[in-house]
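Shown next, in structure tokens, is the structure this report addresses.
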Amino acid sequence: MDGIASGSAIAAPDPTPFVRPGLNGQDTMHLMVRNVHCAGCINTIESNLKSRPGVTAARVNLSTGRLHVAWERGKADPGDLVALVNGLGYPAAPFDPEQLKSAAQDEETFLLRCLAVAGFAAANVMLLSVSVWAGAFSDMGPATRTLFHWLSALIALPAIAYAGRPFFRSARAAVTSRNLNMDVPISVAVVLASGMSLFETMRGGEHAYFDAAITLVFFLLIGRYLDRRARGKAHSAAERLLALSAKTATVIGADGKHCPLAVADILPGMRVFAAAGDAIAVDGIVRAGVSQADTALVTGESLPARIAPGSKVNAGTINLDAPIDIEVTAAGEDTLLAEIVRLMEAAEQGRAKYVRLADRVARLYAPVVHLLALVTFLGWTLIAGLAWQPALMIAVAVLIITCPCALGLAVPVVQVVASGQLLKRGILLKAADGLERLAKIDTVVFDKTGTLTVGRPALK
């Protein structure tokens with residue numbers, strides 16, 4: 001979807017420091033991208049990246065806005081990859097959950113503002129249209145009808161220009177990069193309906209469809225806003241996991257003084273102090289102090305684990321009893337918690353059977369529906385002998401009624417919501433098609449009782 005900042009690019013620093021060495025001689029990078037709102041957008045980004053020499057994987061997560069890219073070391077330049085994504089009309093920058101959250105809030109506010117403008121205009125234009133329709137069965141003259149059409153145009157056209165920006169900007173970005181997405185036929189339909197109505201009004205024609213054009217924008221915005229809200233409320237499981245990590249930690253300096261420091265600035269080898277009740281912000285080894293830690297997030301065990309000098313601790317676990325001194329081994333994106341986040345995102349963005357089906361249908365949609373609308377127009381004009389104006393309006397109707405936005409958006413959202421609900425219940429979904437395969441299971445065998453008990457023995 002387009003947010004309020006859709007027309008402006010994210011400030012993109014040099015991505016080289018954010019590149020991380022992977023396995024088998026591959027490097028990886030995580031980016032945040034904007035303006036991604038459908039399967040067509042995802043396919044555009046992924047296919048263009050995969051066509052670059054050396055790139056072995058590219059996957060966009062619709063819910064979190066995260067783009068994962070992997071390439072053979074030395075065979076691709078990360079700066080070029082970021083420039084490619086930007087050139088496609090999807091501003092990209094190194095992944096920052098806080099900036100992404102702010103962008104999502106701005107986007108929701110922008111959509112709500114557009115929705116309010118479109119709703120107000122649609123209600124007023126509809127009142128004028130009802131008068132014109134009623135006048136067709138009474139004695140309303142052509143001059144009065146044309147006046148009402150002009151009043152409708154004065155209300156509808158500015159509202160369409162303002163409220164239609166989420167669709168127009170997305171369509172323009174797609175066309176500029178020589179691609180098609182679902183907003184292209186929507187924009188074409190709205191513009192043609194408005195243009196034809198204005199043409200009919202200028203020539204004193206009987207029919208104008210300003211009410212249909214602005215009402216279409218209104219209902220499309222309702223769907224887009226509700227989708228934005230649904231994904232915002234559901235959140236992704238990965239986003240909730242990120243919330244478990246502390247933003248700052250208390251670092252022990254060389255002189256023994258304690259000072260707070262952002263987790264992003266903590267380096268391996270530093271010493272971190274964790275008070276009782278604190279969430280541990282880093283992966284590390286306990287150097288001083290004896291306590292217990294709630295490790296359910298990592299191990300699934302409901303009982304606290306004893307930690308003492310030499311014990312390993314992980315970010316996201318809770319120090320329960322006493323203060324401890326930790327030597328940092330990993331922080332930020334290198335922690336086990338960050339790895340769990342990546343596993344969750346891989347599950348969310350992985351292509352299960354029905355997600356793959358939705359992607360294929362949405363990918364074929366734009367060219368097929370444009371061709372179908374053209375055939376409709378030519379059929380009505382050349383075969384049925386209809387005038388070009390009504391034939392064009394029929395072709396516009398074809399563009400409008402064939403939008404598969406629900407298929408392209410609802411299927412991935414269902415997968416994200418399902419994985420989020422599982423995480424709430426302590427179940428980590430690691431396979432994209434795990435839920436589909438689970439439906440075929442008739443026997444479950446457990447080999448670890450610690451994850452099945454609540455730590456309260458009862459006499460039977």
Side-chain angles (χ1 to χ4, degrees), residues 1-4 6-7 37 106-172 182-230 373 389-390 392-403 405-406:
M1 296 181 192
D2 264 23
I4 195 170
S6 296
H37 63 269
D106 290 344
E107 176 185 354
E108 190 172 310
T109 301
F110 174 71
L111 286 173
L112 184 60
R113 192 182 302 121
C114 290
L115 179 62
V117 171
F120 176 81
N124 284 276
V125 173
M126 191 60 69
L127 289 175
L128 295 171
S129 297
V130 169
S131 301
V132 173
W133 298 337
F137 300 97
S138 59
D139 57 352
M140 177 181 286
T144 305
R145 181 187 64 225
T146 302
L147 174 63
F148 276 32
H149 284 169
W150 276 114
L151 290 175
S152 298
L154 290 174
I155 298 173
L157 293 180
I160 290 172
Y162 179 86
R165 286 184 294 169
F167 311 104
F168 300 153
R169 288 176 175 174
S170 175
R172 181 183 63 187
M182 286 186 283
D183 286 333
V184 174
I186 289 173
S187 300
V188 170
V190 171
V191 170
L192 284 178
S194 304
M196 283 295 299
S197 299
L198 182 60
F199 175 76
E200 287 293 305
T201 300
M202 294 174 65
R203 63 188 289 269
E206 296 184 15
H207 303 290
Y209 302 97
F210 296 112
D211 53 344
I214 186 61
T215 303
L216 172 64
V217 172
F218 175 59
F219 281 112
L220 288 172
L221 283 169
I222 289 177
R224 187 151 293 186
Y225 177 74
L226 290 178
D227 171 73
R228 175 67 259 174
R229 289 284 296 172
Q389 294 98 328
L392 182 60
M393 296 311 299
I394 294 174
V396 170
V398 171
L399 291 174
I400 293 172
I401 65 176
T402 52
C403 179
C405 292

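Numbers for residues simply follow the sequence, beginning at 1.
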So, for Leu221 and Pro166, which heavy atoms are closest and what is the spacing to 0.1 Å?
-> CD2-CG, 4.1 Å
Taking Arg165 for the side chain and Tyr162 for the main chain, is one N or O donor matched with an acceptor at less than 3.5 Å?
-> yes
Intermediate values then yes/no, side-chain contact (heavy atoms from CB on, under 4.5 Å), Thr215 and Phe210 | CA-CA 8 Å; Thr215 303; Phe210 296 112; over 6 Å; no
Rounding to 0.5 Å, atoms OG (Ser129) and NE2 (His149) come to a distance of 7.0 Å
Are the side chain of Thr146 and the backbone N or O of Gly204 linked by a donor-acceptor pair below 3.5 Å?
-> no
Spatial distance of atom CG (Leu220) from atom CD1 (Ile186) [nearest 0.5 Å] = 5.0 Å
Identify the two heavy atoms, one from Ala208 and one from Thr201, that lie closest to each other, and give their separation to 0.1 Å.
-> CB-OG1, 4.0 Å
With a distance cut-off below 6.0 Å to the six-membered ring centre and an angular limit of 45° from the axis, does Arg172 pair with Phe168 as a cation-pi contact?
-> no
Nearest heavy-atom neighbours spanning Ile214 and Ala159 | CD1-CB, 3.8 Å
Let me see the working for Val190 and Phe167 under side-chain contact (heavy atoms from CB on, under 4.5 Å), right down to the final yes or no.
-> CA-CA 10 Å; Val190 171; Phe167 311 104; over 6 Å; no
Whether Ser152 side chain and Phe148 backbone form a donor-acceptor pair below 3.5 Å = yes
Using the side-chain contact (heavy atoms from CB on, under 4.5 Å) rule, take Phe110 and Arg113 through it: C-alpha gap first, then chi angles, then the decisive distance, then the call.
-> CA-CA 5 Å; Phe110 174 71; Arg113 192 182 302 121; 4.2 Å; yes
Heavy-atom distance under 4.5 Å between the side chains of Cys114 and Tyr225, does that happen here?
-> no
Which heavy atom of Val396 sits nearest a heavy atom of Ala189, and at what distance?
-> CG1-O, 3.5 Å
